[in-house]
Amino acid sequence: MAATAATPESRLGTLTAEHSVHGAATPSFDGGRRAVLLRTERLLLAPVAESDLEELFALHANPLAFADDLTEPLTDREQMRWVLQQWIRAWQEHGTGYLTVRPTAVGSVRGRTADDGTAADTTTADTAARAAARTAPDNAAARALTTRDSLLGVVGLTPLAFEGRHVLSAYWRLDPAVTGCGIATEAARAVLADPRLGARDQKVIAVTAAGNRPSLALAARLGFLRSEREAPGGRTGDVLLVRRPEDEAGT
């Protein structure tokens with residue numbers, strides 16, 4: 001996937017300040033709603049925007065990004081355009097939503113971590129290909145994804161009515177070329193920790209395939225527990241994961 005010439009900061013247009021995970025929100029390019037720009041040690045997270053369409057479509061059309069999932073990759077750019085419009089509307093209406101994940105600097109995304117939840121076996125061609133990307137993050141594909149403005153993935157939270165109450169639904173999808181670098185863990189932890197996005201005060205759920213071991217391992221690291229209740233959507237093979245707000249933790 002080709003990187004654009006603009007930096008993550010310039011692509012946000014009139015955003016006037018950057019924030020740490022716990023920084024104050026500043027109204028700006030979003031027309032007065034709560035602007036959210038998160039920076040971690042290696043990553044910059046920003047609300048999805050129309051200008052992200054091509055990169056988001058490339059990610060969500062990549063079969064390897066869905067190899068452990070029951071969801072099918074997209075086949076039409078207009079599908080992604082419609083989905084992106086819903087994501088942008090969530091930010092406009094609720095002040096929370098999905099964020100793109102990009103490196104803070106060239107070469108900041110390097111090396112395999114032991115905390116990545118990668119499955120140990122490589123019994124199929126697809127799994128072997130994913131393992132190669134995960135264990136060799138310095139290959140050409142990975143280097144191409146660590147330029148200044150590369151899209152590494154998407155994470156975030158959106159409101160959802162579930163079992164008669166308001167919860168937040170978590171989402172993460174990572175480019176397979178950088179899986180194994182701890183990117184999803186670092187990005188998702190930043191989202192869950194930021195007080196502006198609501199995870200401290202509300203229950204957060206996630207839905208993933210029962211056989212998606214990398215996703216289940218990530219969810220466990222983030223504090224999600226598997227529930228025996230039926231997952232939203234009722235799709236056979238999905239499991240429900242629940243993360244309680246801080247004021248309920250330990251009770």
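From a predicted model like this one, the values you see are computed outputs, not experimental measurements. Basis for what follows: all heavy atoms, side chains included, without hydrogens, waters or symmetry-related copies.
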Give the minimum heavy-atom separation between T158 and A90, together with the two atoms involved.
CG2-CB, 4.3 Å
Grab the two heavy atoms, one from L37 and one from A46, that are nearest each other, plus how far apart they are.
CD1-CB, 3.6 Å
When you compare the side chain of R189 with that of L222, does any pair of heavy atoms fall below 4.5 Å?
yes
For A219 against L241, the heavy-atom pair lying closest together
CB-CD1, 3.5 Å
Connected via hydrophobic side-chain network under 4.5 Å: V239 and I205:
no
Do the charged groups of D52 and R102 touch, with an N to O distance under 4.0 Å?
yes
Are there over 12 heavy-atom neighbours, none belonging to E78, within less than 6.0 Å of that residue's CD?
yes
State the CG-CG distance between L168 and L157, to the nearest 0.5 angstrom.
5.5 Å
Is any side-chain heavy atom of V191 less than 4.5 Å from a side-chain heavy atom of L45?
yes
Donor-acceptor contact present, side-chain T104 to main-chain R42, <3.5 Å:
yes
Give the minimum heavy-atom separation between W91 and L197, together with the two atoms involved.
CH2-CD2, 3.9 Å
Mutual orientation of the aromatic rings belonging to H60 and Y171 [parallel < 30°, tilted 30-60°, perpendicular > 60°]
parallel
Are T96 and P159 packed together at the side-chain level, in the sense that at least one heavy-atom pair is separated by less than 4.5 angstrom?
yes
Do V167 and V204 come close enough that some side-chain heavy atom pair is under 4.5 Å?
no
Ignoring hydrogens and angles, state whether a donor on the side chain of S215 or W172 is under 3.5 Å from an acceptor on the partner side chain.
yes
In the single-linkage hydrophobic clustering (I, L, V, M, F, W, Y; side-chain heavy atoms under 4.5 Å), do L152 and V48 co-cluster?
yes
Give, for atom CG of L99 and atom CG of L38, the distance between the pair rounded to the nearest 0.5 Å.
6.0 Å
Within 45° of the axis and under 6.0 Å from the centre of the six-membered ring of F66, does NZ or CZ of R173 qualify?
yes
Between R81 and D76, does any side-chain N to carboxylate O distance fall below 4.0 Å?
no
Are any of the side-chain heavy atoms of R244 and F224 separated by less than 4.5 Å?
no
How about Q86 and R89: does a side-chain donor come under 3.5 Å of a side-chain acceptor?
yes
For R243 versus L192, what's the shortest heavy-atom pair and its separation?
NE-CD1, 3.8 Å
Could you walk me through whether L160 and H166 satisfy the side-chain contact (heavy atoms from CB on, under 4.5 Å) test, starting with their C-alpha distance in whole Å, then the side-chain angles of each, then the deciding distance to 0.1 Å, before giving a yes or no?
CA-CA 6 Å; L160 178 70; H166 178 77; over 6 Å; no
Do you reckon V83 sits in the same ILVMFWY cluster as V101, going by side-chain contacts under 4.5 Å, direct or chained?
yes
Over 12 non-hydrogen atoms of neighbours within 6.0 angstrom of CD in E230:
no
Can you tell me how far apart OG1 (T179) and CG (L174) are? Round to the nearest 0.5 Å.
4.0 Å
When you group the ILVMFWY residues by side-chain heavy-atom contacts below 4.5 Å and let the links chain together, are V36 and I88 in the same group?
yes
Are Q202 and P245 packed together at the side-chain level, in the sense that at least one heavy-atom pair is separated by less than 4.5 angstrom?
no
Do V207 and Y98 sit in one hydrophobic cluster, given that two such residues count as connected whenever their side-chain heavy atoms are within less than 4.5 Å of each other, even indirectly?
no
As a test of understanding, state which of L43, L44, L151 forms a side-chain contact (heavy atoms from CB on, under 4.5 Å) with T100.
L151
T185 and R221: side-chain donor and acceptor closer than 3.5 Å?
yes
Is a side-chain N or O of R77 found less than 3.5 angstrom from the main chain of E54, in a donor-acceptor match?
no
K203 vs V242, side-chain contact (heavy atoms from CB on, under 4.5 Å): CA-CA, chis, key distance, verdict
CA-CA 7 Å; K203 180 178 291 186; V242 178; 3.6 Å; yes
Run the numbers on E50 and Q85 for side-chain contact (heavy atoms from CB on, under 4.5 Å), then give the verdict.
CA-CA 8 Å; E50 291 183 3; Q85 290 172 351; 6.0 Å; no
Correct closest heavy-atom pair for G153 and L59 would be CA-CD2, 4.0 Å
With a 4.5 Å limit on heavy-atom distance, are the side chains of M80 and L53 in contact?
yes
Partners of D238 by side chain to side chain donor-acceptor pair (under 3.5 Å), sequence neighbours excluded?
R235
